[in-house]
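Each remark here refers to the structure printed beneath this line.
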Amino acid sequence: MAMLTQAPRGTKDILPEEAVKWVFLENKFREICRRFSYREIRTPVFEHTELFRRGVGETTDIVEKEMYTFQDKSGRSITLKPEGTAPVARAYIEHKLYNQPLPVKLFYITPGFRYERPQAGRLREFHQFGVEAFGSQNPLLDAEVMALAMQFLKEIGLEDVVLHINSIGCKLCRQGYRKALKDFLVESRQKLCETCSSRLDRNPLRILDCKNHECIKVLEGAPIVLDYLCDECKSHFEMVKNALSLINIDYMVNSRIVRGLDYYTKTVFEIISDDLGAQSTVCGGGRYDDLIEECGGPPTPAAGFGMGIERLAAILEKNNLVELPEETADVFIATMKDEYLNTALKLLYDFREKGIAAETDYLKRSLKAQMKYADKILARFVLIIGEEEMNSGVLTVKDLTNGKQYKVDCKKIIDYISNRIRKGCGEYE
RNA sequence: GUGGAUAUAGUUCAGUUGGUUAGAACGCCAGAUUGUGGCUCUGGAGGCCGUGGGUUCGAGUCCCACUAUCCACCCCA
């Protein structure tokens, strides 16, 4: 029974009131991307499971326990995309976009799916904005994707966020660090929490991310990734920081940022807000120089980010940051008698044809009730058609913002309304 | 997957030590004499009290299970 009347766990309906906010965010995001010369790409909602196993990484939580995977009718293993980057990388390879002028800069707006326990800022179906820039190892691109994210956040009025950056090095220097960290932690293995203890063998870097107090204590004095970077990675990181400073993007270096997806190399970053609960990351990303090759494409450096739309919306909501004009009908057509309905209907569609938002009564309401209704849907004008108006050909127009009424020849009514609307709320001469 | 809290009209919430027809506010609909919204007044509709068991003469109230929601862990957007 509830199955018919309740959305599946971890999913949400976006009702009209909220949908306008989403459209606002989407429009803004598209606009910023355009300014940074990123072009939109749309990829399927599901992919071959193998793409995520390889791309995201076999040992990640996402792959190990969070994917929506199923067999389709021909026995293929299909997975609803748990993140946006791997599918874009796949499309990049499949369509040989590396033959386009480099770098190839793409953005997307997509749903994502992960099977997790829902909580504040975390859903099973979530939505994200993302960008990916392929084909250059220039640190300016690392800085650019961060700058794009920060610019976007700034323009939607969200300035109270902090950009945390770090470098986890390339394949080579990470090995050295991994070993150093492991050596350091092995002695205190007992003190680590259960998961971290097992991480020690499988993926020691992730221990840095743990919020367990004991683990944090153990980590005091642990070797820091930045000290183990090779010369190349070190200078890359320096250049990223320089670029950020140069373009006035505030950031802080945080050696505990490591990210939970395997494909990251060198630069990683998160944008964090205090206004969310435990899920405080609004945006996460970084460089991933090996992913394309790992998925069977030509060696191609790349950088990008993903940004959680629900989390954005939550912060904006909490701080009352989006002030959107309420949706209104420009004109409501009220009729006194059924005999006038044909006239009203023609007028209704004439208005709509001319780009004027027009509405009428569909419930056979009294004039009074029609007025009330017009008021509730925030109509600007009510146009009254009654006996007098039908006889004289002169319509009564009431301005609901001030209650004033005017008589307007029915032949001029479209022009009259469209003029009044264009002039905003001003008086009409 | 683990832990805690919660579940009563469309919404936010009352509901006494278990006791008869489960209430309020807001919202919705309709009226307050001839063709006019907002304010006010009046009336109306709307609840398998999350679902299923149990205790009891009697359960919205007590017990158990399930489901869902919220919060946190894990992890991430």
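First the proteins, then the strands, lettered A, B, ... as listed; each starts at 1. This structure is a prediction, so every number in the text was calculated from the model and none was measured.
The gap from the P atom of rC49(B) to that of rU61(B) amounts to 10 Å, rounded to the nearest Å.
A salt bridge is defined here as a Lys NZ or Arg NE, NH1 or NH2 lying under 4.0 Å from an Asp or Glu carboxylate O, and Asp61(A) with Lys65(A) meets this definition. Ionic pairing of Glu388(A) and Lys407(A) is present here: one or more N-O contacts between side-chain nitrogen and carboxylate oxygen are shorter than 4.0 angstrom.
Judged as a side chain to side chain donor-acceptor pair (under 3.5 Å), the pairs with a partner in residues 103-113 of chain A (not counting sequence neighbours) are, in order, Lys81(A)-Thr110(A), Lys105(A)-Glu144(A), Tyr108(A)-Glu132(A). Sequence neighbours left out, the pairs with a member in residues 310-349 of chain A that pass ring-ring contact (aromatic ring centres under 6.0 Å, His included) are Phe332(A)-Tyr373(A).
In this structure, the CG atom of Asp61(A) is 7 Å from the C1' atom of rC74(B), given to the nearest Å.
Between the side chain of Glu116(A) and the base of rA77(B) there is at least one donor-acceptor pair of N/O atoms closer than 3.5 Å.
A residue-by-residue look at Glu310(A) and Lys65(A) shows that Lys65(A) has its nearest nucleotide of RNA chain B further toward the 5' end.
Taking each heavy atom of Asn254(A) and His164(A) in turn, the nearest pair found is ND2-ND1, 3.0 Å.
Under the side chain to side chain donor-acceptor pair (under 3.5 Å) criterion, Lys372(A) pairs with no residue, sequence neighbours left out.
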Worksheet item: How does protein contact run along nucleotides 30-38 of chain B, one letter per nucleotide 5' to 3', with B for base contact, S for sugar-phosphate only, - for none, heavy atoms under 4.0 Å?
Response: S----BBBB
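Paired regions of RNA chain B, where each region holds three or more successive Watson-Crick or G-U pairs whose two hydrogen-bonding distances fall under 3.5 Å, are B:1-7 with B:67-73, B:10-13 with B:23-26, B:28-32 with B:40-44, B:50-54 with B:62-66.
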Contact list (N/O, under 3.5 angstrom) for nucleotides 68-70 of chain B vs protein:
{"residue": "rA68(B)", "atom": "O2'", "partner": "Gln6(A)", "partner atom": "NE2", "Å": "3.2"}
{"residue": "rU69(B)", "atom": "OP1", "partner": "Gly10(A)", "partner atom": "N", "Å": "3.4"}
{"residue": "rU69(B)", "atom": "OP2", "partner": "Arg9(A)", "partner atom": "NE", "Å": "2.6"}
{"residue": "rC70(B)", "atom": "OP1", "partner": "Lys12(A)", "partner atom": "NZ", "Å": "3.2"}

